[in-house]
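Within every chain, numbering begins at 1; the chains are lettered A, B, ... in the order of the sequence lines, protein sequences first and strands thereafter.
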Protein chains: 2
Amino acid sequence: MKTENTETEILNAAKEIFQQKGMAGARMQEIADKAQINKALLHYYYRSKQLLFEAVFKSAFMLLAPQLNKVLNDDSDLFEKIRRFTENYVSFVIKHPYLPNFVIQELNKNPEFVLKLQSEKNFPSIDKFKLQVSDAVKQGVIMPIEAEQLFINIISLNIFPFIGEPLLKALVNVDKESYNKILENRKTEVAEFIINSIKNNKNEN
Amino acid sequence: MKTENTETEILNAAKEIFQQKGMAGARMQEIADKAQINKALLHYYYRSKQLLFEAVFKSAFMLLAPQLNKVLNDDSDLFEKIRRFTENYVSFVIKHPYLPNFVIQELNKNPEFVLKLQSEKNFPSIDKFKLQVSDAVKQGVIMPIEAEQLFINIISLNIFPFIGEPLLKALVNVDKESYNKILENRKTEVAEFIINSIKNNKNEN
DNA sequence: ATACGGTTTAACCATTTGGTTGACAAAGGT
DNA sequence: ACCTTTGTCAACCAAATGGTTAAACCGTAT
């Protein structure tokens with residue numbers, strides 16, 4: 001009886017395959033091979049491809065959510081928060097290289113999926129961040145900007161370089177190694193780029 | 001004999017299906033249905049799913065490339081160029097909503113694809129942009145920044161809000177209509193955000 | 001030892017899917 | 001008129017694919 005072990009073995013194999021090939025491109029047999037078990041076991045534990053996929057997807061999102069919460073519900077100072085998030089995010093994605101792309105991609109092909117996620121307890125909420133931004137604006141720490149726009153900017157600058165890697169690597173015309181250096185530099189560059197844009201230079205208090 | 005017409009009819013149908021469902025998710029029968037022709041005709045004109053897909057992909061990229069060239073090889077002033085690009089890009093994507101996501105996605109699943117694209121004559125090159133940025137830095141118009149980083153920032157801020165729409169819409173917690181308003185505002189907001197970040201305030205010459 | 005529960009497998013099944021074939025129609029040249 | 005080329009289709013095919021089944025396996029409680 002390996003019981004519990006097999007189930008997670010399957011989930012791990014499924015994560016790899018689904019995240020690399022997507023729902024449509026993944027093959028149940030390939031997942032079974034990677035988990036080194038009989039294909040029937042996939043159905044024994046997860047009933048169907050759809051359900052196995054949903055387990056993988058939910059698990060992936062649950063890994064991503066706390067990352068996003070770092071920008072949204074952390075209590076630290078706005079600038080510090082931006083710095084910490086941009087620095088942490090790179091290391092996170094290096095550990096899970098296919099994850100952001102996977103989540104984005106499947107969400108695009110299945111937009112109603114988001115409803116299931118939103119009902120989860122720890123789904124990130126932007127409310128606290130909005131207050132923090134409007135406070136910073138009122139106190140003259142930063143130039144007027146809508147929290148939504150700032151949030152979208154932060155996320156875009158951090159996530160897209162990974163999702164668009166093949167395209168950007170070709171456009172910037174560098175090899176894998178140089179691109180990784182560029183990404184490494186972004187750990188600090190992006191935060192300064194953002195802060196530089198929003199900080200209010202007229203008030204030096 | 002409708003000849004020439006059928007071929008483009010197929011390509012148009014294939015574009016829609018492939019861009020929405022990706023290579024793996026697309027079905028030849030569905031493309032034939034959308035083109036209102038017999039499935040055998042798909043193979044008569046394009047031999048295989050792979051070749052039909054490549055035709056669609058290349059055509060999609062050829063639409064995207066000139067957009068990117070606007071940032072790279074246009075002769076206008078740096079700030080003006082950034083403003084024009086961010087403004088134009090939104091209208092472009094509204095016309096081709098699935099296109100950027102499609103290109104990014106298939107490039108991720110097929111990174112060697114990029115080689116075929118790079119050999120094309122009008123593949124965007126960053127060289128001119130690099131010169132322009134380093135000149136602007138030398139002349140004190142903008143703060144020191146590497147052209148590659150600036151380029152990645154511009155592209156990220158403009159493309160990601162579309163690719164990540166389902167995710168961002170949920171995180172920012174707004175409906176389709178409000179999100180579109182946010183995107184509309186970004187036509188100008190993004191350019192100012194970028195320029196604000198890089199422009200040198202100390203030299204007012 | 002035996003019976004029982006959950007676990008695992010090989011073999012199997014129905015459907016889907018990309019691709020092919022052969023007949024036939026519609027021009028177009030001679 | 002007749003033959004060749006091109007375009008179109010219904011029917012067909014083999015392979016792949018998600019899913020099922022019935023039997024075997026195995027630890028454990030009786």
Side-chain angles (χ1 to χ4, degrees), chain A residues 1-60 98 102 105-107 109-110 112-113 116, chain B residues 1-60 98 102 105-107 109-110 112-113 116:
Chain A
M1 251 205 247
K2 287 181 229 157
T3 165
E4 176 88 343
N5 207 13
T6 306
E7 189 166 349
T8 63
E9 211 65 55
I10 291 175
L11 195 63
N12 286 335
K15 273 181 196 169
E16 267 193 64
I17 304 294
F18 274 129
Q19 288 182 21
Q20 281 178 52
K21 314 209 165 175
M23 168 66 171
R27 297 290 158 246
M28 293 298 266
Q29 187 59 59
E30 200 180 354
I31 295 172
D33 290 348
K34 174 143 282 177
Q36 298 181 52
I37 45 107
N38 188 286
K39 183 163 68 85
L41 277 189
L42 298 182
H43 294 93
Y44 178 75
Y45 284 105
Y46 292 92
R47 289 195 62 86
S48 71
K49 186 185 184 186
Q50 181 64 30
L51 287 175
L52 177 55
F53 171 78
E54 284 177 22
V56 169
F57 185 84
K58 199 166 275 187
S59 146
Y98 297 98
F102 170 68
Q105 189 49 31
E106 296 301 331
L107 237 35
K109 263 165 202 151
N110 231 326
E112 70 279 12
F113 235 69
K116 281 186 196 165
Chain B
M1 252 209 245
K2 289 180 228 157
T3 166
E4 176 88 344
N5 208 11
T6 306
E7 189 166 351
T8 64
E9 211 65 56
I10 290 175
L11 195 63
N12 286 336
K15 273 181 196 171
E16 265 193 66
I17 304 294
F18 274 128
Q19 288 182 19
Q20 280 179 53
K21 313 209 165 174
M23 167 67 171
R27 298 290 157 245
M28 293 298 266
Q29 187 59 60
E30 201 180 351
I31 294 172
D33 290 348
K34 174 142 284 177
Q36 297 182 55
I37 45 108
N38 187 285
K39 183 163 68 81
L41 278 189
L42 299 183
H43 295 93
Y44 179 77
Y45 284 105
Y46 292 92
R47 287 195 61 83
S48 70
K49 186 185 184 185
Q50 181 65 29
L51 287 175
L52 177 54
F53 170 78
E54 284 176 24
V56 169
F57 185 83
K58 199 165 276 189
S59 145
Y98 294 98
F102 170 68
Q105 187 51 30
E106 297 301 330
L107 237 35
K109 265 167 202 151
N110 231 327
E112 71 279 12
F113 236 70
K116 281 186 198 166

As an exercise, state the distance from [atom1] of [X] to [atom2] of [Y], rounded to the nearest 0.5 Å.
X	Y	atom1	atom2	result
B:Gln105	A:Glu106	CD	CD	8.0 Å
A:Asn110	A:Phe57	CG	CZ	8.0 Å
A:Tyr46	A:Ile10	OH	CD1	6.0 Å

Rounded to the Å, how far apart are [X] [atom1] and [N] [atom2]?
X	N	atom1	atom2	value
B:Ile31	C:dG19	CD1	P	11 Å
A:Arg27	C:dG18	CZ	P	10 Å
A:Leu52	D:dT17	CG	P	16 Å
A:Asp33	D:dA16	CG	P	14 Å
B:His43	D:dC13	NE2	P	17 Å
B:Gln29	D:dA10	CD	P	11 Å

Would you indicate what A:Ala26 reaches in the nucleic acid, counting non-hydrogen atoms under 4.0 angstrom: base, sugar-phosphate, or nothing?
->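 Answer is sugar-phosphate: A:Ala26 comes under 4.0 Å of backbone atoms only.
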Any donor and acceptor pair, going by atom type alone, linking the side chain of A:Lys116 with main-chain N or O of A:Glu54 inside 3.5 Å?
->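 Answer holds: no.
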Will you find, in the side chains of A:Gln29 and A:Asp33, an N or O donor that is under 3.5 Å from an N or O acceptor?
->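 There is such a pair between these side chains.
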Measure all distances between protein nitrogen or oxygen atoms and nitrogen or oxygen atoms of nucleotides 9-11 of chain C, and list the pairs falling under 3.5 Å.
residue	atom	partner	partner atom	Å
C:dT9	OP2	A:Asn38	N	3.0
C:dA10	OP2	A:Asn38	ND2	3.2
C:dA10	N7	A:Asn38	ND2	3.1

